[in-house]
Peer 1: 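Encoded as structure tokens, here's the structure I'll be asking about.
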Number of protein chains: 2
Amino acid sequence: MRLSKRGEYGLRAMILMATPTEDGHPPIVQIKEISQREKIPAKFLEQILLALKNAGMLHSKMGVGGGYYLARPAKEITLGQIVRVLDGPLAPVKCVSQMAYEPCGCPDEETCGLRLVMSDVRNAISALLDGTSLADVNNRVDKVREMLKT
Amino acid sequence: MRLSKRGEYGLRAMILMATPTEDGHPPIVQIKEISQREKIPAKFLEQILLALKNAGMLHSKMGVGGGYYLARPAKEITLGQIVRVLDGPLAPVKCVSQMAYEPCGCPDEETCGLRLVMSDVRNAISALLDGTSLADVNNRVDKVREMLKT
DNA sequence: ATAAAGTCTATAATTTAAGTATACTTTTGA
DNA sequence: TCAAAAGTATACTTAAATTATAGACTTTAT
């Protein structure tokens, strides 16, 4: 049940880009900066951000002073969306996937025990990842920081 | 977040072996039979059952009339145990694994947003898989069968 | 014009997954 | 006692996915 490096790096990068700045604007961030701060190979990150851009979750600006920034407000981008773009469906087995259903070959799907359970697992994962936005993540981090300060 | 074929086949085989028979005994089942009923390549299944045996979840009997059977009652074997043997830790990232923790390299683990969320995901998966025994699965299948009958 | 950025595509390196092969041991029963 | 039925053990192969690197190109600000 592992998240790939691709997925992990992409999530880290998106969370970083969703970190609010003084002014209200979505911060514009360079690949190089993300790469250094999160210790992600720059060329690998490049591909990941490009995929996210092509999926419509990021915008970019070329040239001097350019970089990437969120295409939508942080509270409208969920972790589930990001993971699906980078790692594919959330479901542990294809036959319980909402996004990419495929039969799994059991004689009778309706009475397949594995399917019944894995369907619950997929729903639990989806509830968490589709229910958590980038803004939620950063709010949570802030709360933890508050707690630790005292 | 995908379950491997190894994990999937192993779960299917275990669920099948946990299917109760008339007498109370744990049924003894041959590789060949499981392989045919579940459409799993026999030689691949062989390795999977061996791993499960070496992990103490199955016993076996060699020779004519031999086969595999559950080492413990079906209600004492959880899906989580099986998945861990065949596919490794449930956690999406190593740094939230209970069984096989490893640092994931973020500057500060306590305030890592990804870690906070993935920890929830791992707990949700664990709650379901460690909370569901082979007996639970078959009871559930029986219930669905009842429902469909009417 | 030049340097700083992203774009695009190819390819290399590594790892993992999935499946096959083969030689062996144990047990039963004709 | 020996042949057939079963599991044991390990090695090997193949294919695919993952992770990463390389290089040539485009856009933009100054």
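The analysis underlying the following values was restricted to heavy atoms, covering all of them including side chains, and did not include hydrogens, waters or symmetry mates. Residue numbers begin at 1 in each chain, while the letters A, B, ... track the order of the sequences.
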Peer 1: OP1 or OP2 of D:dA17 less than 4.0 angstrom from a side-chain nitrogen or oxygen of A:Ser4, does that happen here?
Peer 2: no
Peer 1: Under a 4.5 Å cut-off applied to non-hydrogen side-chain atoms, are B:Leu116 and B:Asp120 in contact?
Peer 2: no
Peer 1: Between B:Asn123 and B:Ser126, do the side chains contain a donor N or O and an acceptor N or O under 3.5 Å apart?
Peer 2: no
Peer 1: Rounded to the nearest Å, what distance is computed from the CE atom of residue B:Met17 to the C1' atom of nucleotide D:dG7?
Peer 2: 13 Å
Peer 1: From C:dT28, D:dT19, C:dT20, pick the nucleotide closest to the side chain of B:Val64?
Peer 2: C:dT28
Peer 1: Before accepting this row, confirm whether a basic side-chain N of the pair A:Lys43/A:Glu46 lies closer than 4.0 Å to the acidic partner's carboxylate O.
Peer 2: yes
Peer 1: Send over the distance from B:Gln30 CD to D:dA5 P, rounded to a whole Å.
Peer 2: 12 Å
Peer 1: Tell me: CZ of A:Arg2 to C1' of C:dT16, nearest whole Å?
Peer 2: 12 Å
Peer 1: Can you list every salt bridge (Lys or Arg N to Asp or Glu O under 4.0 Å) pair that touches residues 66-94 of chain A, not counting sequence neighbours?
Peer 2: A:Arg84-A:Asp130
Peer 1: Expressed in angstrom and rounded to an integer, what is the separation of A:His59 atom NE2 from D:dT28 atom C1'?
Peer 2: 18 Å
Peer 1: Kindly say whether, by distance alone, the side chain of B:Glu46 makes a donor-acceptor pair under 3.5 Å with the base of D:dA9?
Peer 2: yes
Peer 1: Hey, which sits more toward the 5' end of DNA chain D by its nearest nucleotide, B:Gly67 or A:Gly7?
Peer 2: B:Gly67
Peer 1: Once you round it to whole Å, what is the distance between P of D:dT19 and NZ of A:Lys39?
Peer 2: 18 Å
Peer 1: Does CD in B:Glu110 sit with more than 12 non-hydrogen atoms of other residues, nucleotides or ligands closer than 6.0 Å?
Peer 2: no
Peer 1: For C:dA5, does either OP1 or OP2 sit under 4.0 Å from a side-chain N or O belonging to A:Ser60?
Peer 2: no
Peer 1: Answer yes or no: does a side-chain N or O of B:Tyr9 lie under 4.0 Å from OP1 or OP2 of C:dG19?
Peer 2: yes
Peer 1: Report which part of the nucleic acid A:Leu49 touches: base, sugar-phosphate, or nothing (heavy-atom distance under 4.0 Å, all strands).
Peer 2: nothing
Peer 1: Classify A:Lys5 by what it touches in the nucleic acid, base, sugar-phosphate, or nothing, heavy-atom distance under 4.0 Å.
Peer 2: sugar-phosphate
Peer 1: What's the CE-C1' distance between A:Met62 and D:dA29, to the nearest Å?
Peer 2: 14 Å
Peer 1: Less than 4.5 Å apart, any side-chain heavy atom of B:Thr132 and any of B:Thr78?
Peer 2: no
Peer 1: Any idea which of D:dT10, C:dA18, D:dT21 is nearest the A:Gln47 side chain?
Peer 2: D:dT21
Peer 1: Go nucleotide by nucleotide along DNA chain D from the 5' end; which of A:Gly65 and A:Lys43 gets its closest nucleotide reached first?
Peer 2: A:Lys43
Peer 1: Do side-chain atoms of A:Asp142 reach the backbone of A:Asn139 as a donor and acceptor pair under 3.5 angstrom?
Peer 2: no
Peer 1: Hey, does B:Leu128 have a side-chain heavy atom less than 4.5 Å from the side chain of A:Val117?
Peer 2: no
Peer 1: Just N and O in the side chain of B:Tyr68: are any of them under 4.0 Å from OP1 or OP2 of D:dT8?
Peer 2: yes
Peer 1: Touch check for A:Lys61, heavy atoms < 4.0 angstrom, all strands: base, sugar-phosphate only, or nothing?
Peer 2: sugar-phosphate
Peer 1: Measure from CD1 on B:Ile40 to P on C:dG19 and round the result to the nearest Å.
Peer 2: 10 Å
Peer 1: Could you check which residues of residues 86-99 of chain A get a heavy atom under 4.0 Å from DNA chain C? Sort them by number, please.
Peer 2: none
Peer 1: Tell me the interatomic distance from B:Ile28, atom CD1, to C:dT27, atom C1', rounded to whole angstroms.
Peer 2: 11 Å
